[in-house]
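The figures that follow rest on heavy atoms only: side chains count, while hydrogens, waters and symmetry mates do not.
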Amino acid sequence: FDVLVDDGSKLLIPEQLSSGTADQIWLAVRIAISQLFFNEKVPLIFDDSFALYDDARLRNTLIWLSDQDIFSQVIIFTCHDREEQLLKEIGAEYKSIKL
């Protein structure tokens with residue numbers, strides 16, 4: 001799959017953008033592909049996938065993920081507290097397990 005981003009004057013590949021923006025593009029691509037291949041709700045599993053997101057991008061992503069009912073569950077593995085703090089701030093339902 002080739003992904004190009006139109007910045008208004010030229011087409012860019014994700015690697016020409018910030019790391020957080022590129023990660024967000026690949027997240028959108030993976031979610032779109034999962035929707036193409038599966039007709040039922042599937043879990044999403046993230047393993048430190050948001051490390052390069054700034055706080056605003058992470059907040060918006062968590063809000064979007066918490067509003068979706070197309071996934072059976074969303075599992076986020078992380079060594080940071082930022083995700084949990086933002087989930088609390090946005091009032092999302094979640095369960096935290098610390099190892």
### Task
Would you please name every residue forming a salt bridge (charged side-chain N to carboxylate O under 4.0 Å, His left out) with Arg82, sequence neighbours left out?
Asp55
For residues 86-99, tabulate all N or O donor-acceptor pairs below 3.5 Å that involve a side-chain atom, not counting sequence neighbours.
residue: Glu89; atom: OE1; partner: Arg59; partner atom: NH2; Å: 2.3
residue: Tyr94; atom: OH; partner: Glu84; partner atom: OE2; Å: 3.2
residue: Lys98; atom: NZ; partner: Glu84; partner atom: OE1; Å: 2.9

Anything under 3.5 Å between a donor and an acceptor, one on a side chain of residues 3-11, the other on a protein residue two or more places apart or in another chain? List them.
residue: Asp6; atom: OD1; partner: Gly8; partner atom: N; Å: 2.8
residue: Asp7; atom: OD1; partner: Ser9; partner atom: N; Å: 2.9
residue: Asp7; atom: OD1; partner: Ser9; partner atom: OG; Å: 3.1
residue: Asp7; atom: OD1; partner: Lys10; partner atom: N; Å: 2.8

Under 3.5 Å, side-chain donor or acceptor atoms of residues 36-51 against the rest of the protein: list the pairs with distances, not counting sequence neighbours.
residue: Lys41; atom: NZ; partner: Asp69; partner atom: O; Å: 3.0
residue: Asp48; atom: OD1; partner: Thr78; partner atom: OG1; Å: 3.1
residue: Ser49; atom: OG; partner: Asp47; partner atom: N; Å: 3.4

### Message
For a 4.5 angstrom cut-off between non-hydrogen side-chain atoms, does Leu27 reach Tyr53?
### Response
yes
## Note on the structure
Cluster membership besides Leu52, Ile/Leu/Val/Met/Phe/Trp/Tyr side chains within less than 4.5 angstrom, sorted by chain and number, is none
Donor-acceptor contacts, no H, no angles, side chain residues 16-25, under 3.5 Å, sequence neighbours left out:
residue: Gln16; atom: OE1; partner: Ile13; partner atom: N; Å: 2.8
residue: Ser18; atom: OG; partner: Thr21; partner atom: N; Å: 3.1
residue: Ser18; atom: OG; partner: Thr21; partner atom: OG1; Å: 2.8
residue: Thr21; atom: OG1; partner: Arg57; partner atom: NH2; Å: 2.8
residue: Gln24; atom: OE1; partner: Arg57; partner atom: NE; Å: 2.8

## Note on the structure
dist Phe71:CZ -> Leu65:CG (nearest 0.5 Å) comes out at 6.0 Å
### Query
Ile33 and Trp26: same hydrophobic cluster, using ILVMFWY side-chain contacts below 4.5 Å?
yes
